[in-house]
Amino acid sequence: MSLAKRYVLRLFISLKYVTANVVDRQSGRIVTTASTAERPLREGLECGRACNAKAAAAVGEVLSMRLKVDGLAREPIHADAAKEVAKKGFKNQTKVWAILNALRNHGVNLHIDDDGDHRRHV
């Protein structure tokens, strides 16, 4: 297995929660995570039953802080934005980009993988 993309970002978005995990592909383990399901984050947000882009950005900010504490903020972390949007649906596009932008804005070495072809793949 190539270690060129050792750390990858995985997103889980439901109507109620947003979770972001950074996975070490070499060991298959989650190295850090952040979610609106966590009590401190949930209590700081006013998203009620539905999470919005503001909550997703908060998840990205918390994840970036945890990556810095773990010493992984400088490691290249890969995310496939087109794949994540396709999997989560067009309605969640703003949440996906809110997380990605929050990570970038807080100093995480995020690499957006994109094949340059924005057409639907069949």
Side-chain angles (χ1 to χ4, degrees):
M1 172 174 56
S2 170
L3 294 180
K5 295 181 183 180
R6 180 173 178 181
Y7 297 105
V8 292
L9 179 69
R10 297 288 182 233
L11 305 177
F12 302 95
I13 299 174
S14 70
L15 291 175
K16 197 170 181 182
Y17 300 113
V18 174
T19 301
N21 299 323
V22 174
V23 179
D24 181 353
R25 289 179 50 187
Q26 184 178 14
S27 66
R29 293 183 161 205
I30 295 173
V31 291
T32 191
T33 186
S35 176
T36 55
E38 298 171 25
R39 176 168 276 171
L41 191 55
R42 185 177 60 226
E43 289 175 353
L45 298 171
E46 298 177 11
C47 58
R49 290 190 47 88
C51 281
N52 54 19
K54 187 175 182 180
V59 167
E61 185 177 344
V62 169
L63 186 66
S64 68
M65 287 183 219
R66 291 178 181 170
L67 285 166
K68 287 178 184 177
V69 168
D70 292 342
L72 296 172
R74 296 286 171 225
E75 293 290 328
I77 296 173
H78 297 269
D80 190 340
K83 180 180 171 186
E84 293 292 344
V85 169
K87 284 192 323 185
K88 307 316 181 256
F90 185 74
K91 294 183 298 185
N92 291 317
Q93 174 176 306
T94 56
K95 295 175 191 174
V96 170
W97 281 105
I99 294 169
L100 298 177
N101 288 332
L103 286 168
R104 274 194 173 161
N105 292 339
H106 287 90
V108 174
N109 185 9
L110 186 67
H111 294 270
I112 307 274
D113 299 333
D114 193 4
D115 59 5
D117 184 10
H118 298 285
R119 294 173 291 150
R120 245 182 112 187
H121 296 277
V122 264

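Everything numeric in this text was worked out from a predicted model, so none of it was measured.
Side-chain heavy-atom separations under 4.5 angstrom define the hydrophobic clusters, and Met65 shares its cluster with no other residue.
Of the charged side-chain nitrogens involved, at least one lies within less than 4.0 Å of a carboxylate oxygen, so that Asp113 and Lys5 count as a salt-bridged pair.
At a threshold of 4.5 Å between non-hydrogen side-chain atoms, the residues Asp24 and Tyr7 count as touching. Taking 4.5 Å as the limit, every side-chain heavy atom of Val31 sits out of range of all side-chain heavy atoms of Asp70. You'll find the side chain of Asn21 stays beyond 4.5 Å of the side chain of Leu9, heavy atoms only.
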| task | For side-chain contact (heavy atoms from CB on, under 4.5 Å), just list the numbers for Arg25 and Val8, CA-CA rounded to whole Å, side-chain angles, deciding distance to a tenth of an Å, and then say yes or no. | result | CA-CA 7 Å; Arg25 289 179 50 187; Val8 292; 3.5 Å; yes

| query | Should Val22 and Thr33 be marked as a side-chain contact (heavy atoms from CB on, under 4.5 Å) after you check the CA-CA gap, both sets of side-chain angles, and the distance that decides it? | reply | CA-CA 6 Å; Val22 174; Thr33 186; over 6 Å; no

| message | Does Val85 form a side-chain contact (heavy atoms from CB on, under 4.5 Å) with Asn92? I'd like the steps, not just the answer. | response | CA-CA 7 Å; Val85 169; Asn92 291 317; over 6 Å; no

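For NZ of Lys54, the number of neighbouring non-hydrogen atoms (other residues, nucleotides, ligands) closer than 6.0 Å is 12 at most.
Of the inter-residue distances, the one linking Asn109 atom CG with Arg104 atom CZ reads 9.5 Å to the nearest 0.5 angstrom. Separation of atoms CD (Glu38) and OH (Tyr17) is listed at 11.5 Å; rounding is to 0.5 Å. Considering CD of Glu43 and OG1 of Thr36, their distance stands at 12.5 Å, rounded to 0.5 Å. Considering NZ of Lys87 and CG of Leu11, their distance stands at 8.0 Å, rounded to 0.5 Å.
Ile30 and Ile99 fall into different hydrophobic clusters, defined by Ile, Leu, Val, Met, Phe, Trp and Tyr side-chain heavy atoms under 4.5 Å apart, directly or through other members. If you chain together hydrophobic residues whose side chains sit under 4.5 Å apart, Leu67 and Ile112 fall into the same group. Val18 and Val23 fall into different hydrophobic clusters, where Ile, Leu, Val, Met, Phe, Trp and Tyr are joined by side-chain heavy atoms under 4.5 Å apart, directly or via other members.
The ring-ring contact (aromatic ring centres under 6.0 Å, His included) check on His78 picks up His111, with sequence neighbours excluded. Here Thr32 pairs with nothing under the side chain to side chain donor-acceptor pair (under 3.5 Å) rule; sequence neighbours left out.
Shortest non-hydrogen contact noted between Ala20 and Leu63 is CB-CD2, 3.8 Å. Heavy atoms only, all atoms of each residue included: Glu61 and Ala102 are closest at N-CB, 3.9 Å. Contact between Ser35 and Thr19 at its shortest, heavy atoms only, is OG-OG1, 2.8 Å. Considering all non-hydrogen atoms of both residues, Gly60 and Leu103 come closest at O-CD2, 3.4 Å. Among all heavy-atom pairs drawn from Ile77 and Leu72, the shortest one is CD1-O, 4.0 Å. Heavy atoms only, all atoms of each residue included: His106 and Ser64 are closest at CB-OG, 3.2 Å.
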